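Data first, discussion second: the structure below is written as structure tokens.
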Protein chains: 2
Amino acid sequence: MSIDHRSGCPINLSLEVFGDRWSLIILRDMIFGGKRHFRELLNGSLERIASNILADRLKRLMELGMLTRADDPTHKQKAIYSLTEMAITLVPILAHLGAWGRVWLPVSEELSIRAELLEKGGPPMWEKFMDELRHEHLGTPSDTPPDATVRATLQAGYEAVVARKAPGTGCDPRA
Amino acid sequence: MSIDHRSGCPINLSLEVFGDRWSLIILRDMIFGGKRHFRELLNGSLERIASNILADRLKRLMELGMLTRADDPTHKQKAIYSLTEMAITLVPILAHLGAWGRVWLPVSEELSIRAELLEKGGPPMWEKFMDELRHEHLGTPSDTPPDATVRATLQAGYEAVVARKAPGTGCDPRA
DNA sequence: CGAAACCGATTGCATTTTGCAATCAGTTGC
DNA sequence: GCAACTGATTGCAAAATGCAATCGGTTTCG
């Protein structure tokens, strides 16, 4: 990478990294959905990414330093993708993006509850979430119990909305 | 517009709006560069957008409700593009995007000074800047003197860096 | 052992988007 | 009257995207 940039403007360079329709979707699913494997990303997202595009973007994001890839010890063919610090620090941007979209675009209620909680939590919650991601993806120590994580909080909020909208079904349509 | 969205996720919908290589560049030039006319946007940006792409994006951003177009009373052919509130509230996202790019990407010093100042100013500065944009583009009242605007502050910072890097030339290469 | 499911991709191909240069018709300033 | 400028438009090649089928290998389960 790092060839022929259009300009040295920070906003332009950021767009050159994830100014397309899929890169941030993949990172969103890894950050908020906890997805780590190719198949999880392929089948898990609502937007139905094609497998060749997913492969291309994973490769590209690795070249850009946003992801790393490691072998899964439990399965000789499985690969585990991890976020780098570079990708983890996108959390505030994703939080703002979600907050903006929630105001101006036709979001669905159950999918925007996470954005709402993350917006209300503000920078302290984002910091806590980034620490959790560092623990998950970079192996840094953490003292947060697994049931008090930000991701669990967001997930609980999501399930509460789903339960309220379709009471009694008890189903959990997360991917 | 507002047809066949990939999903109701706020982040996905935001990407459907400006998840391409040019839309945010145009908005950046309008917000930070004060560009209002087609030719200013065409010739002013460092990234050299093509005229057909610019025309397409302006049309698209109008359809999405991010821009409005008005006739310029001083020139029968001239059009003035204005930001809507929807676009003005992108300021925090652009600030974060600039801050992130400044940390992780090979930005040039003179082009990143604005991002640095905007980051250091924090949300209060962003609010002030959005108020100035509302005054400029929406005609709302404002009590900020023209020489104390956020844009003037950012521009002064930029010129200070340029002057320091090429002392004595006195040139002003802004577009 | 053997079939089925699953693993991360890859291939081929049609469609869409982009990038680039040339050009348009009308307006303005000199 | 003429050159410069206005917001675009057109034609065309190249690249990106979307989609379905498929690949060689691994694991699971009966």
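Only a predicted model underlies this, so the values are computations on that prediction, with no experimental measurement involved. Below, chains carry the letters A, B, ... as their sequence lines are ordered, and counting in each starts from 1.
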Exercise. Check every strand shown and say whether B:Arg48 touches a base, only sugar-phosphate, or nothing at a heavy-atom separation below 4.0 Å.
Key: nothing
Exercise. Give the rounded distance in Å between these two atoms: NZ of B:Lys78 and P of D:dA4.
Key: 17 Å
Practice problem: State which of C:dT18, C:dA22, D:dG7 makes the closest approach to the side chain of B:Ile53. | Solution: C:dT18
Quiz item: A:Glu132 side chain to A:Val150 main-chain N or O, any donor-acceptor pair under 3.5 Å?
Solution: yes
Quiz item: Which whole-number value in Å describes the distance from A:Phe38 CZ to C:dA5 P?
Solution: 20 Å
Practice problem: Return the value, rounded to whole Å, for the distance between atom CG of B:Leu67 and atom C1' of D:dG7. | Solution: 15 Å
Self-check item: Separation of C:dC7 C1' from A:Leu41 CG (nearest whole Å)
Solution: 14 Å
Quiz item: Should B:His137 and B:Glu85 be marked as a side chain to side chain contact (heavy atoms under 4.5 Å, CB included) after you check the CA-CA gap, both sets of side-chain angles, and the distance that decides it?
Solution: CA-CA 9 Å; B:His137 290 259; B:Glu85 178 68 19; over 6 Å; no
Quiz item: CD1 of B:Ile25 versus P of C:dT18: gap in Å, rounded?
Solution: 14 Å
Self-check item: Atom-pair distance (CD1 on B:Ile49; C1' on C:dG19), nearest Å
Solution: 11 Å
Self-check item: Atom-to-atom span, CG of B:Asp56 to C1' of D:dG7 - whole angstrom
Solution: 14 Å
Quiz item: Hey, is the side chain of B:Trp22 poking within less than 4.0 Å of OP1 or OP2 on C:dG19, counting only N and O atoms?
Solution: yes
Practice problem: Would you list the pairs meeting side chain to side chain donor-acceptor pair (under 3.5 Å) in which at least one residue belongs to residues 93-103 of chain A, sequence neighbours left out? | Solution: A:His96-B:His96, A:Trp100-B:Thr89, A:Arg102-A:Glu119
Quiz item: Can you name the residues that form a salt bridge (Lys or Arg N to Asp or Glu O under 4.0 Å) with A:Arg36, not counting sequence neighbours?
Solution: none
Self-check item: Rounded distance in Å - CG (B:Asp72) to C1' (C:dG26)
Solution: 15 Å
Practice problem: With sequence neighbours left out, write down each residue that passes salt bridge (Lys or Arg N to Asp or Glu O under 4.0 Å) with B:Asp131, or none if nothing qualifies. | Solution: B:Arg134
Practice problem: Under 4.0 Å between any heavy atoms, over every strand shown, what does B:Arg6 touch: base, sugar-phosphate, or nothing? Just pick one. | Solution: nothing
Quiz item: Would one find a side-chain N or O of B:Arg39 under 4.0 angstrom from OP1 or OP2 of D:dC5?
Solution: no
Under 3.5 Å, which protein N or O atoms sit close to an N or O of nucleotides 27-30 of chain D? Give each pair with its distance.
residue : atom : partner : partner atom : Å
D:dT27  : OP1  : A:Lys76 : N            : 3.0

All N/O donor-acceptor pairs, side-chain side in residues 65-73 of chain B, below 3.5 Å, sequence neighbours left out:
residue : atom : partner : partner atom : Å
B:Asp72 : OD1  : B:Thr74 : N            : 2.8
B:Asp72 : OD1  : B:Thr74 : OG1          : 2.9

Quiz item: Out of D:dT17, D:dT9, C:dT10, which has the shortest distance to the side chain of A:Asp20?
Solution: D:dT17
Quiz item: Tell me, for nucleotides 11-16 of chain D in 5' to 3' order, what letter each nucleotide earns: B for a base near a protein heavy atom under 4.0 Å, S for only sugar-phosphate near one, - for neither?
Solution: B-----
Practice problem: Kindly write out the residues that satisfy side chain to side chain donor-acceptor pair (under 3.5 Å) with A:Gln77, not counting sequence neighbours, or none if the list is empty. | Solution: none
Self-check item: A:Lys120: salt bridge (Lys or Arg N to Asp or Glu O under 4.0 Å) partners, not counting sequence neighbours
Solution: A:Glu116
Practice problem: Name all residues meeting the salt bridge (Lys or Arg N to Asp or Glu O under 4.0 Å) criterion together with A:Arg164; count only those two or more places apart in sequence or in a different chain, and write none if there are none. | Solution: A:Glu109
